[in-house]
Number of protein chains: 2
Amino acid sequence: MKQIIIKFGILALLFSALIALSEFSIATKSYYTEFLIAISALGLLALGFSLKSYVVTRSSILKDDFTPDKHKLKMLQISAREYEVLQKVAEGYSNLQIAEALFVSENTIKTHVSNIYSKLNVKRRTEAIKQAKEYGLLKQ
Amino acid sequence: MKQIIIKFGILALLFSALIALSEFSIATKSYYTEFLIAISALGLLALGFSLKSYVVTRSSILKDDFTPDKHKLKMLQISAREYEVLQKVAEGYSNLQIAEALFVSENTIKTHVSNIYSKLNVKRRTEAIKQAKEYGLLKQ
DNA sequence: TTGGGGCTCATACTAAAGTATGAATTATAA
DNA sequence: TTATAATTCATACTTTAGTATGAGCCCCAA
């Protein structure tokens with residue numbers, strides 16, 4: 001935020017310099033005037049360029065707000081519980097670890113995982129992870 | 001590429017317009033001159049902004065050229081062959097499939113995979129995939 | 001109130017994955 | 001030339017993963 005204020009300060013300075021130059025160009029018709037205007041123009045270009053850089057950087061930093069493609073989840077008929085299990089699978093947990101985390105039996109997790117596979121049309125958890133990410137169900 | 005040429009064309013036009021204005025301001029000291037200079041300045045700012053947008057878009061499109069963190073690979077002492085196997089693992093292939101793809105036995109792949117695990121300090125392939133991505137060894 | 005979906009769980013499997021150990025071969029760096 | 005690392009493979013395991021089937025429970029909509 002401090003950066004953007006400084007940049008706008010520079011913008012204001014350059015801008016009034018341009019105005020001043022236009023007045024100055026009336027009095028002294030020197031060759032330097034056009035040169036200075038050119039410099040100002042380039043400065044403004046660079047300023048616009050860097051402002052966009054700032055905006056881009058900001059937005060990419062804040063782009064951690066992942067939300068799964070709920071439309072795709074409904075399309076594939078993946079239930080809330082199944083999705084929960086899918087997330088754990090993608091985090092590298094074993095069926096037993098997931099079972100303990102969700103307070104259910106390992107058999108239950110196996111059932112969920114198997115159902116997820118048939119819905120994603122895959123045969124292994126590594127495939128499921130890859131497919132789910134391609135579908136936008138999990139963050140890359 | 002066509003776009004960037006058009007943008008530079010607009011830049012050139014605006015630029016000569018600025019020059020012309022500076023000449024014009026000598027002859028007719030009208031109030032519109034400063035206004036026109038202001039417009040030109042804003043135009044240049046916008047141009048710089050959009051140029052950066054173009055550059056960003058280009059680079060993000062071309063950002064598919066992933067290169068693994070070779071320094072990290074050396075640090076972890078992961079060999080070329082092991083890395084090759086790791087990539088296949090991340091693509092969701094089974095040990096047997098990887099073996100067939102690389103024309104070696106499944107036992108060989110198991111050995112490689114086991115060695116990869118100890119180097120990445122994990123116990124499962126799903127964990128290995130996650131860890132490798134965090135280390136910058138595989139593209140997200 | 002009946003039927004379907006979602007969640008749970010069990011049993012009984014088969015199939016992969018993963019570990020441990022030892023060893024042969026080849027290339028390569030000291 | 002001699003260690004050293006990389007690659008290959010085997011045997012013999014143990015452990016997870018995954019499949020198939022059946023079933024009980026709960027909730028909600030028809």
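To find a chain, count down the sequence lines: A is the first, B the second, and so on, and within it residues start at 1. FYI, side chains are in, hydrogens and waters are out, and symmetry mates aren't considered; it's all heavy atoms of this structure. Predicted model only: the values in this text are computed from it and were never measured.
In this entry the distance linking CD of Glu84(B) with C1' of dT8(D) reads 14 Å, nearest Å. Between Lys123(B) atom NZ and dT15(D) atom C1' there is a gap of 12 Å when expressed in whole angstrom units. Computed from coordinates, the Tyr117(B) OH to dT16(D) P distance equals 13 Å when rounded to whole Å. In this structure, the CD1 atom of Ile116(B) is 14 Å from the C1' atom of dA17(C), given to the nearest Å. At whole-Å resolution of the value, CG in Leu96(A) and P in dT15(D) are 13 Å apart. For the pair Ile129(B) CD1 and dG18(C) P, the computed distance is 10 Å after rounding to whole Å. Atom CD in Glu127(A) sits roughly 13 Å away from atom C1' in dG18(D) (whole-Å rounding). Between the CZ atom of Arg124(A) and the C1' atom of dT16(D) there is a distance of 15 Å, rounded to whole Å.
Follow the hydrophobic side-chain contacts under 4.5 Å out from Phe103(B) and you never reach Tyr83(B); the two are in separate clusters.
Leu120(A) and Gln131(A) get closest at one heavy-atom pair: O-CG, 3.9 Å. Minimum heavy-atom separation, Leu102(B) to Val85(B): CD1-CG2, 3.9 Å. Heavy-atom minimum distance, Leu138(A) versus Ala90(A): CD1-CB, 3.5 Å.
By the 4.0 Å N-to-carboxylate-O rule, Glu127(A) lies too far from Lys130(A) to be salt-bridged with it.
Not one N or O on the side chain of Ser114(B) forms a donor-acceptor pair closer than 3.5 Å with the backbone of Thr111(B). One N or O on the side chain of Arg124(B) and one on the backbone of Gly92(A) form a donor-acceptor pair closer than 3.5 Å.
Checking each of His112(B), Lys119(B), Gln87(B) against Glu82(B) for a side-chain hydrogen bond (donor to acceptor under 3.5 Å, both in side chains) leaves exactly one that passes, namely Lys119(B).
Taking Lys110(A) as the reference, Asn95(A), Glu106(A), Asn107(A) meet the side chain to side chain contact (heavy atoms under 4.5 Å, CB included) condition, with sequence neighbours excluded.
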Between protein and nucleic acid, restricted to nucleotides 3-9 of chain C and to nitrogen or oxygen atoms under 3.5 Å apart, what atom pairs and distances do you find?
| unit_1 | atom_1 | unit_2 | atom_2 | d |
| --- | --- | --- | --- | --- |
| dC7(C) | OP1 | Arg81(A) | N | 3.3 |
| dC7(C) | OP2 | Ser79(A) | OG | 2.2 |
| dT8(C) | OP1 | Arg81(A) | NE | 3.1 |
| dT8(C) | OP1 | Arg81(A) | NH2 | 2.8 |
| dT8(C) | OP2 | Arg81(A) | NE | 3.1 |
| dT8(C) | OP2 | His112(A) | NE2 | 2.7 |
| dC9(C) | OP2 | Ser105(A) | N | 2.7 |
| dC9(C) | OP2 | Thr108(A) | OG1 | 2.9 |
| dC9(C) | O5' | Thr108(A) | OG1 | 3.4 |
| dC9(C) | N4 | Thr111(A) | OG1 | 3.4 |

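End-to-end axis angle of the helix from dT1(C)-dA30(D) to dA30(C)-dT1(D), using five pairs per end and rounding to 10°, comes to 40°.
Side-chain nitrogen and oxygen atoms of Asn95(A) include at least one within less than 4.0 Å of the OP1 or OP2 phosphate oxygen of dA17(D). At dG18(D), one or more side-chain N or O atoms of Arg125(A) fall inside 4.0 Å of OP1 or OP2 (strictly under the cut-off).
Residue-level contact check: Ser94(B) touches the backbone only, with heavy atoms under 4.0 Å from sugar-phosphate atoms and none from bases.
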